[in-house]
Amino acid sequence: MISHRDNNTQRIAALDERAEALKLKRGMGIADARAMHPSIDVVEADAEADRRLLEGLADWCDRYTPLVAIDAEDGLFLDVTGCTHLFGGERAMQDEILTRFFQQGFDVRAGLASTPGAAWAAARFHGDRIVAGGEEEALLAPLPLSALRIAPETRAGLESVGLRTAGAVMAAPRAPLARRFGASLLLRLDQALGRLDEAVSPRLPVAPLSVERHLAEPVVLTDEIERLVSRLAVALKSDLERRGEGARTLALLLFRVDGAVSRIAVGTSRPMREPRLIQRLFHERLTALEQSIDAGFGFDLVRLSVLSVAAFDMLQGDLTGEADDDDADIALFADRVRARLGEAAVLKPVVVESHLPERAVKTVPFAEAPQRRAPAAGRAALPRTAPPMTIYPPERPVRLFRSPEPIEVPATEIPEGPPMNFRWRRALYRVARAEGPERIAAEWWRQLPGEEEAPTRDYYHIEDSEGRRYWLYRQGLYSTAPQAAPPRWFMHGVFA
């Protein structure tokens with residue numbers, strides 16, 4: 001027997017058949033139950049564990065429909081519209097679900113109807129019933145008010161005026177009911193009877209494309225799973241070609257015979273629909289997860305889904321049939337590494353609109369970086385009206401420090417000139433040559449109200465007496481004011 005705390009009182013939350021045979025009921029106080037039967041075994045409820053179990057069962061029910069929603073703490077909604085014929089009809093599908101749950105050790109009840117409200121009532125109060133369209137009112141009429149899924153205070157108010165069944169509520173005038181008990185009562189009633197639509201919100205997004213394979217003999221080995229992935233990818237390719245799209249995110253769902261479900265997702269930096277390339281990505285991912293995937297007694301259903309898509313741009317091939325795409329191999333290599341080691345394994349520098357060196361470039365995951373696009377074929381070049389002009393950007397060091405490091409500059413030739421020597425990391429360096437300055441002002445447009453303006457930087461290319469080259473800057477300007485702080489010097493990078 002499972003107990004939970006309700007208003008500072010321990011009450012029965014769930015009980016097995018033996019406890020029911022002892023005339024115990026849900027909601028009864030634990031003290032009263034122990035007074036009747038002192039030897040009963042009571043276990044405290046674990047809401048988090050129950051939630052994880054319910055989510056696991058919802059994952060397993062994806063084998064019947066992708067539209068699976070969690071109902072409160074102990075129920076599931078399955079929108080099986082258009083899916084029942086795949087399992088031999090409504091009765092065959094419901095019998096299979098109940099049988100599989102029973103084989104896994106669960107005592108479940110199921111109801112099937114044209115509305116979620118009627119299906120909920122059929123499952124909770126009949127246990128195993130299929131309600132035909134138009135029979136919702138006959139189903140609900142003899143049931144108690146709780147079959148309407150209304151709030152406890154509304155139910156208590158209805159009972160206080162003598163309305164104790166759903167049929168009594170349906171027979172009563174609607175206007176007085178709405179005035180006294182609110183519109184939610186009539187909303188639940190109309191939803192259950194099919195007068196108003198009630199959508200089932202799936203807990204997971206529905207994949208735009210999916211292919212699956214039901215297996216007579218469960219598979220266990222990774223090689224067998226990879227072969228199935230290759231076959232399913234071939235089936236996906238034709239659908240993607242028809243839509244003119246490529247996959248950006250794919251998920252492999254492995255349904256184990258005992259109810260567990262493994263979800264394995266891979267992402268691509270470019271739209272992809274070639275089965276050979278998809279198989280390579282899942283090979284890397286399965287290899288990385290080989291120790292964490294428990295096949296148990298095997299997987300009897302394998303599904304490959306496309307979670308997100310993008311337009312697939314065709315490239316013009318040459319006379320040999322090869323497309324001129326120099327970045328394709330790099331993208332595939334990055335995708336395989338990310339599939340094996342994770343999204344953060346491959347990063348790409350991206351230029352940012354900022355003239356401050358530490359802000360000019362940032363690293364982002366490879367798949368999120370903007371892709372370089374080749375110029376459109378057949379586009380004529382614009383005629384030049386002036387001779388070409390070459391612009392050489394300022395030279396930047398090979399290694400730029402994440403944060404500039406302070407250095408000591410004892411003297412300079414002139415106040416605004418480069419240092420004669422400097423001390424960095426406890427070592428003294430003598431300057432042989434210097435070039436600069438390159439002045440970089442603060443980004444005043446990013447300055448917050450009330451914030452002090454960042455000081456100006458003067459950058460110098462410095463070469464010491466041993467030929468090593470550095471990139472350092474002076475922060476701030478010299479001032480003749482008596483209390484003005486002297487400029488500070490920083491090392492920002494080194495050249496090769």
Side-chain angles (χ1 to χ4, degrees), residues 26 54-55 57-104 106-152 154-155 158 163-172 174 177-178 181-204 206 259:
R26 293 181 59 178
L54 194 60
E55 290 178 349
L57 297 178
D59 286 340
W60 180 81
C61 287
D62 279 349
R63 66 190 301 135
Y64 299 106
T65 173
L67 301 175
V68 180
I70 293 180
D71 173 43
E73 300 176 352
D74 57 354
L76 297 174
F77 273 124
L78 278 67
D79 188 346
V80 297
T81 305
C83 302
T84 55
H85 69 281
L86 301 175
F87 301 89
E90 295 178 348
R91 172 54 62 184
M93 182 180 189
Q94 182 164 309
D95 290 343
E96 179 182 339
I97 294 175
L98 293 174
T99 301
R100 283 180 173 267
F101 271 115
F102 176 77
Q103 292 173 349
Q104 297 175 30
F106 294 100
D107 180 17
V108 298
R109 301 175 181 179
L112 197 151
S114 58
T115 66
W120 188 92
R124 303 276 176 166
F125 295 93
H126 289 278
D128 180 14
R129 180 171 175 178
I130 297 178
V131 183
E135 297 181 358
E136 294 83 7
E137 186 172 352
L139 166 75
L140 294 171
L143 299 181
L145 297 178
S146 55
L148 296 178
R149 300 178 295 162
I150 56 179
T154 303
R155 186 168 65 245
L158 289 169
L163 302 177
R164 300 184 180 277
T165 64
V169 175
M170 289 186 285
R174 294 173 61 90
L177 289 176
F181 301 103
S184 60
L185 171 61
L186 299 182
L187 174 64
R188 283 302 193 188
L189 183 61
D190 290 341
Q191 287 177 340
L193 296 177
R195 298 169 184 168
L196 294 176
D197 292 334
E198 180 182 359
V200 175
S201 301
R203 53 185 294 268
L204 297 176
V206 180

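What you see is a predicted model; the values in this text were computed from it and never measured.
- Residues that satisfy the salt bridge (charged side-chain N to carboxylate O under 4.0 Å, His left out) test with Asp128, not counting sequence neighbours, are Arg91.
- Contact check for Leu193 versus Thr115: no side-chain heavy atoms found under the 4.5 Å cut-off.
- Remark: Asp107 CG to Phe102 CZ distance equals 8.5 Å, nearest 0.5 Å.
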Contacts table for residues 62-69: side-chain donor-acceptor under 3.5 angstrom, sequence neighbours left out:
unit_1 : atom_1 : unit_2 : atom_2 : d
Asp62  : OD2    : Arg263 : NH2    : 2.4
Arg63  : NH2    : Asp300 : OD1    : 3.4
Arg63  : NH2    : Asp300 : OD2    : 3.1
Tyr64  : OH     : Glu96  : OE2    : 3.4
Thr65  : OG1    : Leu67  : N      : 3.2
Thr65  : OG1    : Asp79  : O      : 2.7

Yes or no on salt bridge (Lys or Arg N to Asp or Glu O under 4.0 Å) for Asp59 and Arg203, after CA distance, side-chain angles and deciding distance? CA-CA 9 Å; Asp59 286 340; Arg203 53 185 294 268; 2.5 Å; yes
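- Within a 6.0 Å sphere centred on CD of Glu198, other residues, nucleotides and ligands contribute more than 12 heavy atoms.
- The nearest pair of heavy atoms linking Ala113 to Ala118 is CB-CB, 3.7 Å.
- Scanning all heavy atoms of the two residues, the minimum distance from Gly111 to Ala119 falls at O-CB, 3.7 Å.
- The CG atom of Leu112 sits 5.0 Å away from the CD atom of Glu90 when rounded to the nearest 0.5 Å.
- Considering only heavy atoms from C-beta on, Arg174 comes within 4.5 Å of Asp190 through its side chain.
- Taken to the nearest 0.5 Å, the CZ atom of Arg195 stands 6.0 Å off from the CG atom of Leu189.
- Residue Arg100 qualifies as enclosed at atom CZ: its count of foreign heavy atoms under 6.0 Å is above 12.
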Give the C-alpha distance, both sets of side-chain angles, the deciding distance and a yes or no for side chain to side chain contact (heavy atoms under 4.5 Å, CB included) between Leu177 and Leu158. CA-CA 9 Å; Leu177 289 176; Leu158 289 169; 4.1 Å; yes
Would you be so kind as to tabulate the donor-acceptor pairs closer than 3.5 Å made by side chains of residues 129-148, with sequence neighbours excluded?
unit_1 : atom_1 : unit_2 : atom_2 : d
Arg129 : NH1    : His126 : NE2    : 3.4
Glu136 : OE1    : Gly134 : N      : 3.1
Glu136 : OE2    : Ser114 : OG     : 2.5

Show the numbers, then the answer: is there a side chain to side chain contact (heavy atoms under 4.5 Å, CB included) between Arg124 and Asp74? CA-CA 11 Å; Arg124 303 276 176 166; Asp74 57 354; 3.3 Å; yes
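- Annotation for Ala92 and Phe87: closest pair CB-O, 3.3 Å, computed over non-hydrogen atoms.
- Two residues are said to be in side-chain contact when any heavy atoms from C-beta on lie closer than 4.5 Å; Phe106 and Leu57 meet this criterion.
- Leu76 and Cys61 get closest at one heavy-atom pair: CD1-SG, 4.0 Å.
- Taking 4.5 Å as the limit, some side-chain heavy atom of Ile70 sits within range of a side-chain heavy atom of Glu55.
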Would Arg149 and Asp71 satisfy salt bridge (Lys or Arg N to Asp or Glu O under 4.0 Å), going step by step from the backbone distance to the final call? CA-CA 11 Å; Arg149 300 178 295 162; Asp71 173 43; 5.8 Å; no
